[in-house]
Trainee: 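Sending over a structure as C-alpha cells; questions will come in a sec.
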Amino acid sequence: MDPYRPFREAASAYAAGMLKQLYGVEEEPRLETGGDIADFTYPCFRLAKTLRKSPLEIASALAGGAGSVSGTIAVSSKGGYLNMSADPVKLASSAVATANRMGDSYGKSVEGGGRMLVEHTSINPTGPMHIGRTRNAILGDTLTRSLRQAGMDISSEYYVNDVGRQVVVLYWGLKRYMAGDEGGKPDHELVRHYIRANQEIEKDEGAASEIRDIQQRLERGDAALIAETRKAAEMVLAGIRESLESINVFHDRFVFESELIKDGSVRRVVERLKALPSAAQEGGAWYLPLDGDREEDRFYFTRSDGTSLYTTRDVAYHMDKLSRAGRLVDVLGEDQKLGMKYLVRTLEMLGESHRIDFLFHSFVSLEEGKMSTRQGVGVLLDDVVREAKERALREVLSRRPELPGEEAEAIAAAVGIGAVRYNIVRLQAEKKIIFRWEEALNFEGSSAPFVQYSHARACSILSRAGEWNCPEPTYEEENELRLARQIALFPSVLRDVAGSMAVHRVATYAQQVAAEFNQFYRVVPVLKAPESRIGSRLALVSASKIAIGNALRCMGIAAPESM
RNA sequence: GGGCGUGUGGCCUAGUCAGGAUAUGGCACUUGCCUCCUAAGCAAGUGGUCGAGGGUUCGAAUCCCUCCACGCCCGCCA
C-alpha cells in the first residue's frame with residue numbers, strides 16, 4: 001500500500017488529459033519530482049519548442065488557471081513547469097492511516113515478482129572480519145531487509161569457500177601448528193596459524209607443493225580430505241558468524257563450495273564448457289576466448305592439471321542458485337567486476353537464462369593504507385563493535401545516570417552497533433571509504449543515534465498518552481503536513497532501492513524523516529495540544545514511529561523505545 | 001599500456017541512471033533556545049570555479065569528448 005499512488009496516478013492522468021485536450025499531444029507524461037515545490041512536475045520546455053510557444057504560457061494553460069484543484073491534486077504553474085501536488089491534507093490523512101494500519105509491514109508495495117536470492121559477505125573463512133569485509137555484509141544485509149520490507153520474496157546466502165587455496169593454506173597451517181583446543185574466539189585464534197602458514201609457504205617451495213597437492217586431491221573428490229578442510233573452514237566461520245550476528249547480519253543459508261564438487265556439479269559444468277565450440281586449450285589448461293582472441297580476455301576454467309578454478313566453481317554455484325530463484329543479486333567488492341563479467345558471459349554461452357544484478361562496492365581502507373587478513377593488517381569488526389558499545393555506554397550513563405545497568409547497556413548496544421552500520425550504509429557503494437574512528441562512532445548529526453533518538457521521542461509521547469483512538473486523522477499545520485508527506489514517501493523509497501540496489505537511500509530517507517519529526521516535535525505540541533487535535537497528532541506520532549522504526553529495521557539497526 | 005569506478009565549501013556527503021526552477025544534509029566554526037511531550041535535539045549565521053578544459057542544449061553537478069588526480073582490475077590466485 002503506497003499512500004502516494006492514487007495521487008501520482010491522478011497527476012499523470014491530469015497532465016495527459018490536458019496535453020491531449022489543449023494541444024492534441026498524446027503521450028504518457030514523464031513526471032519529475034519537484035522537490036519542495038511540487039510532488040510531481042511536468043516541464044514544458046521541450047513542448048515549447050515543438051509548439052513554438054513560450055513554456056510559461058503552456059504551463060499556465062495546462063494548469064487551467066493558477067490554483068485550480070482537480071479532485072485530489074492541486075495544480076499550478078510557475079516558470080514553465082506544470083506543478084501538481086497531492087492535496088497535502090488528503091495525503092497526510094491517508095499516509096498516517098496507512099502507516100498505522102500496516103504497522104511493521106508499512107513500506108510494502110510490491111506483489112509477486114518471484115523468488116529472489118541475495119548472496120553477500122561470502123568472505124574466505126581464514127580469519128576474523130575486518131571492517132572492510134564488513135561493508136559487504138552491511139550492504140547485503142540492508143539490501144535483503146529492505147527488499148523484504150518492500151514485499152519481495154527474498155532470502156540471503158553466504159557462499160563458503162572451503163576448498164580454495166586460501167582455506168587449504170589455513171587447513172595446512174592448523175594441522176601443522178595448532179596445539180589442540182586453544183580456547184578464545186576461533187577466528188581470532190586460528191588466523192595466527194594462517195598467517196604463519198602463508199609466511200612459511202612463501203619461502204619454502206616444498207610447503208607450496210604440498211598445498212597444490214591438497215588442492216588436487218580435493219578436486220578429485222577425496223571425501224575424507226574435503227571433510228577436513230571443511231572442518232577447518234567451519235571453525236573459523238563460527239567466529240565470523242558470531243561477529244556478523246553481533247551487528248545483526250544474518251544469512252538464511254550457508255552453501256559450502258565443497259558440496260558443489262561432491263555432488264558433481266562442478267565436473268558437469270567443466271564438461272559442458274569443454275563441449276562449447278569456442279572452448280580451447282593452452283598447455284592442457286582449458287579456456288574460453290571471451291573478447292575476440294586477445295590473450296588477456298581468456299577465461300581459463302581449468303588448470304593444466306585439470307582442476308577447476310574459482311570462477312568455474314562460481315559458475316556452478318550460480319547455476320545452482322538460478323535453479324532455486326528467478327532473480328539473483330550478488331553483493332561484491334569492486335575487484336570482482338571482471339570475474340563477474342566472465343561469469344555472466346559464460347552463463348550466456350551455456351544458454352542459461354539469468355537475471356543477475358550486482359551490487360559492487362569500493363573498499364574500506366585505513367589512513368595508512370590497505371587492510372589484509374593475510375598480513376594481519378586492519379581494523380577488526382569485533383574491536384569496532386566493542387569500542388562502539390563502550391563509547392555509547394559512556395554517553396548513555398552521562399545523560400541518564402539513574403538508568404539500571406542492564407537497560408543502559410541495551411541502549412548502548414543499539415546505539416553503538418547502529419552507529420557502525422549507519423556510517424557504512426549511508427554512503428554510496430561506489431565511494432571508497434577511509435575508516436576513521438571518530439566517523440564510525442559518530443553519535444550526532446547524520447547518524448544512527450539521531451534517527452533512533454527521534455524514534456525514542458515518538459515512543460515517549462505515545463507511552464505517556466496511554467490509550468487513544470483516532471479513526472479519521474486530519475492535519476492542517478505546515479509541520480504536520482511536511483512530516484506526513486515524508487512518511488508517505490517510504491514505500492517509494494523501498495521500490496527505488498529494489499530497482500537500483502542503492503541501499504544508501506534508505507539511510508538518506510531515515511535521516512530525512514527523523515529530521516522532519518524532530519522539527520515537528522519542537523514546534524507542535526501533542527499531549528498539550530487542544531483537545532480536538534490530540535487524537536490526530538498522536539496518530540501522526542505513531543505513524544512517524546512506524547516509518548522511522550521500519551527504516552531502521554531495514555538497516556538492521558535497533559529502534560529503542562527509550563534512550 | 002587497456003578497462004571499470006570515484007572527484008560536490010576546511011572535512012564527510014545527497015543529488016548523476018531518466019538534464020530543468022535559489023546545489024542536499026552533516027562535522028567543524030559563530031550565535032540563540034532546556035520553569036515547556038528526552039538538548040544524542042531545534043533555530044539562525046559564515047563558507048561553493050559541483051576536479052580542469054571544450055562541446056551538445058532554451059537550460060548541464062547531471063549527457064558527449066579531452067585531460068588531471070585517486071581507487072580497483074587486467075593470475076592456469078580467490
Side-chain angles (χ1 to χ4, degrees), chain A residues 30 32 34-38 41 43-46 48-49 54-55 78-81 83 123-124 126 161 164-167 257 282-287 291 294-298 300-311 313-314 333-339 341 360 362-363 365 370 392 395-396 398-400 415 419 423 426-434 436 438-439 442-454 456-465 499-500 502 504-505 507-508 511-512 514-515 517-519 521-529 537 541 562-563:
Chain A
R30 219 197 80 238
E32 299 168 11
D36 288 341
I37 298 168
T41 182
C44 304
F45 304 93
R46 226 179 309 270
K49 210 168 184 189
S54 110
K78 190 181 176 189
Y81 292 85
N83 290 323
I123 58 175
N124 288 335
T126 54
N161 174 341
R165 185 184 149 84
Q166 293 178 31
V167 171
E257 200 170 351
E282 168 78 43
W286 285 82
Y287 68 90
D291 204 2
R294 302 193 317 168
E295 228 171 275
E296 60 266 38
D297 289 319
R298 286 177 180 177
Y300 278 91
F301 60 91
T302 77
R303 296 193 183 88
S304 49
D305 64 7
T307 56
S308 66
L309 288 147
Y310 170 82
T311 306
R313 298 190 292 273
D314 212 11
E334 62 174 336
D335 56 335
Q336 307 282 317
K337 279 187 185 177
L338 186 62
K341 205 169 106 183
F360 288 111
S362 291
F363 290 154
S365 60
K370 290 187 194 179
E395 293 287 329
V396 174
S398 76
R399 283 162 218 276
R400 300 178 64 187
V415 165
N423 270 287
R426 60 184 255 268
L427 304 178
Q428 288 181 8
E430 302 82 24
K431 298 223 182 194
K432 55 196 168 220
I433 296 179
I434 295 171
R436 294 190 182 90
E438 63 274 23
E439 282 173 17
N442 174 33
F443 294 162
E444 48 187 32
S446 185
S447 70
F450 174 91
V451 181
Q452 292 171 314
Y453 190 66
S454 68
R457 279 176 150 179
C459 290
S460 169
I461 293 175
L462 293 170
S463 77
R464 280 168 192 274
S500 64
H504 70 278
R505 288 179 192 160
T508 306
Q511 158 74 28
Q512 284 169 349
F517 181 80
N518 283 333
Q519 285 167 39
Y521 180 90
R522 265 297 158 200
V523 176
V524 184
V526 177
L527 299 174
K528 287 171 188 160
R537 288 189 184 160
V541 170
S562 158
M563 279 174 73

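Every chain is numbered from 1 and lettered A, B, ... according to where its sequence line falls, protein lines coming before strand lines. What's counted below: heavy atoms across the whole structure, side chains too, no hydrogens, waters or symmetry copies.
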Trainee: Looking at A/Asn442 and B/A40, is any side-chain donor or acceptor paired with a base atom of the opposite kind under 3.5 Å?
Mentor: no
Trainee: Provide the distance between the two C1' atoms, one in B/A61 and one in B/G48, to the nearest whole Å.
Mentor: 12 Å
Trainee: Look at the side chain of A/Arg400 and the backbone N and O of A/Met563, then say whether any donor-acceptor pair between them is shorter than 3.5 Å.
Mentor: yes
Trainee: Does a side-chain N or O from A/Arg426 land closer than 4.0 Å to OP1 or OP2 of B/G26, or not?
Mentor: no
Trainee: Under 4.0 Å between a side-chain N/O of A/Tyr453 and OP1 or OP2 of B/A40, yes or no?
Mentor: yes
Trainee: C1' atom, B/G55 versus B/G10: distance in rounded Å?
Mentor: 33 Å
Trainee: So what does A/Val524 hit on the nucleic acid, given a heavy-atom distance under 4.0 Å: a base, only sugar-phosphate, or nothing?
Mentor: base
Trainee: Hunt down the Watson-Crick or G-U wobble partner of B/U22, both distances under 3.5 Å, from any strand shown, or write none.
Mentor: none
Trainee: Just to be sure I understand the rule, does A/Glu282 reach a base, reach only the sugar-phosphate, or reach nothing, if contact means heavy atoms closer than 4.0 Å?
Mentor: base
Trainee: Under the 3.5 angstrom rule, does the side chain of A/Ser362 hit a backbone N or O of A/Glu430 as a donor-acceptor pair?
Mentor: yes
Trainee: Taking any heavy-atom pair under 4.0 Å as a contact, classify A/Ser562: base, sugar-phosphate, or nothing.
Mentor: base
Trainee: If you check every side-chain atom of A/Ala285, which of B/U38, B/C36, B/C76 has the closest atom?
Mentor: B/C76
Trainee: With heavy atoms under 4.0 Å as the rule, sort A/Phe363 into base, sugar-phosphate or nothing.
Mentor: sugar-phosphate
Trainee: Distance check, C1' atoms only: B/C63 and B/C17, in whole angstrom units.
Mentor: 11 Å
Trainee: Expressed as a whole number of angstroms, how long is the span from A/Asp297:CG to B/G3:C1'?
Mentor: 9 Å
Trainee: In this structure, how many angstroms lie between the P atom of B/C27 and the CZ atom of A/Arg436, rounded?
Mentor: 17 Å
Trainee: Under 3.5 Å, side chain of A/Thr311 to main-chain N/O of A/Gly339, donor-acceptor pair present?
Mentor: no
Trainee: How long is the line joining CD of A/Glu444 and C1' of B/C42, in whole Å?
Mentor: 14 Å
Trainee: If we call it a pair only when both distances are under 3.5 Å in a Watson-Crick or G-U wobble match, what pairs with B/U30?
Mentor: B/A44
Trainee: A/Phe450 near the nucleic acid: base, sugar-phosphate alone, or nothing, with a heavy-atom cut-off under 4.0 Å?
Mentor: sugar-phosphate
Trainee: Mind calculating the distance between NZ (A/Lys528) and C1' (B/U35) to the nearest angstrom?
Mentor: 11 Å
Trainee: If each of A/Gln512 and A/Leu527 is mapped to the nucleotide of RNA chain B with the nearest heavy atom, which maps nearer the 5' terminus, i.e. the 5' end?
Mentor: A/Gln512
Trainee: Between the protein and nucleotides 4-8 of chain B, which nitrogen or oxygen pairs are less than 3.5 angstrom apart?
Mentor:
unit_1	atom_1	unit_2	atom_2	d
B/C4	O2'	A/Lys337	NZ	2.9
B/G7	OP1	A/Lys431	NZ	3.1

Trainee: Using the P atom in both, what is the distance from B/G25 to B/A69, to the nearest Å?
Mentor: 34 Å
Trainee: Look at the side chain of A/Val396 and decide which nucleotide, out of B/A40, B/C76, B/C37, has an atom nearest to it.
Mentor: B/A40
Trainee: Under 4.0 Å between a side-chain N or O of A/Lys370 and OP1 or OP2 of B/C72?
Mentor: yes
Trainee: Report yes if a side-chain nitrogen or oxygen of A/Arg464 is closer than 4.0 Å to either non-bridging phosphate oxygen (OP1 or OP2) of B/C37; otherwise report no.
Mentor: no
Trainee: Whole Å only: how far is the CZ atom of A/Arg522 from the P atom of B/C42?
Mentor: 9 Å
Trainee: So, does A/Arg298 get its side chain near the phosphate of B/C74, meaning an N or O under 4.0 Å from OP1 or OP2?
Mentor: no
Trainee: Give me the distance, rounded to whole Å, that separates B/A21 from B/U16 when you measure between the P atoms they each carry.
Mentor: 12 Å
Trainee: What is the distance, rounded to the nearest whole Å, between atom CZ of A/Arg313 and atom P of B/C76?
Mentor: 14 Å
Trainee: Would you say A/Asn518 reaches B/G41's phosphate, i.e. side-chain N/O to OP1/OP2 under 4.0 Å?
Mentor: no
Trainee: Using the C1' atom as the point on both nucleotides, what is the distance between B/A18 and B/U46, in whole Å?
Mentor: 37 Å
Trainee: Among the candidates B/U38, B/G41, B/C77, find the nucleotide nearest to the side-chain atoms of A/Arg457.
Mentor: B/G41
Trainee: Please determine if a side-chain N or O atom of A/His504 lies less than 4.0 Å away from the OP1 or OP2 oxygen of B/G15.
Mentor: yes
Trainee: Let me know the distance between CG of A/Asp335 and P of B/C74, rounded to the nearest Å.
Mentor: 8 Å
Trainee: Base of B/C34 relative to its sugar, syn (within 90° of 0) or anti?
Mentor: syn
Trainee: Counting any heavy atom closer than 4.0 Å, what does A/Arg537 reach on the DNA or RNA strands: base, sugar-phosphate only, or nothing?
Mentor: nothing
Trainee: Which part of the nucleic acid does A/Val415 contact within heavy-atom distance under 4.0 Å: base, sugar-phosphate only, or nothing?
Mentor: base
Trainee: Taking only the C1' atom of each, what is the distance from B/C68 to B/G53 in whole angstrom?
Mentor: 11 Å
Trainee: For B/A39, which nucleotide is its Watson-Crick or G-U wobble mate, given both distances must be under 3.5 Å?
Mentor: none
Trainee: At under 4.0 Å, does any side-chain N or O of A/Arg505 touch on OP1 or OP2 of B/G15?
Mentor: yes
Trainee: So does A/Ser304 reach the base of B/C76 with its side chain, donor to acceptor, closer than 3.5 Å?
Mentor: yes
Trainee: For B/G54 versus B/U49, give the span between their C1' atoms, rounded off to a whole number of Å.
Mentor: 15 Å
Trainee: Between B/G26, B/A43, B/A40, which nucleotide has the shortest distance from any of its atoms to the side chain of A/Ser446?
Mentor: B/G26
Trainee: Check whether any side-chain N or O of A/Gln452 sits under 4.0 Å from OP1 or OP2 of B/A40, and answer yes or no.
Mentor: no
Trainee: Scan every strand shown for a Watson-Crick or G-U wobble partner of B/G1, both distances under 3.5 Å, and answer none if you come up empty.
Mentor: B/C74
Trainee: To the nearest Å, how far apart are A/Leu338 CG and B/G3 P?
Mentor: 13 Å
Trainee: Starting at the 5' end of RNA chain B, which residue's closest nucleotide do you reach first, A/Lys341 or A/Arg400?
Mentor: A/Lys341
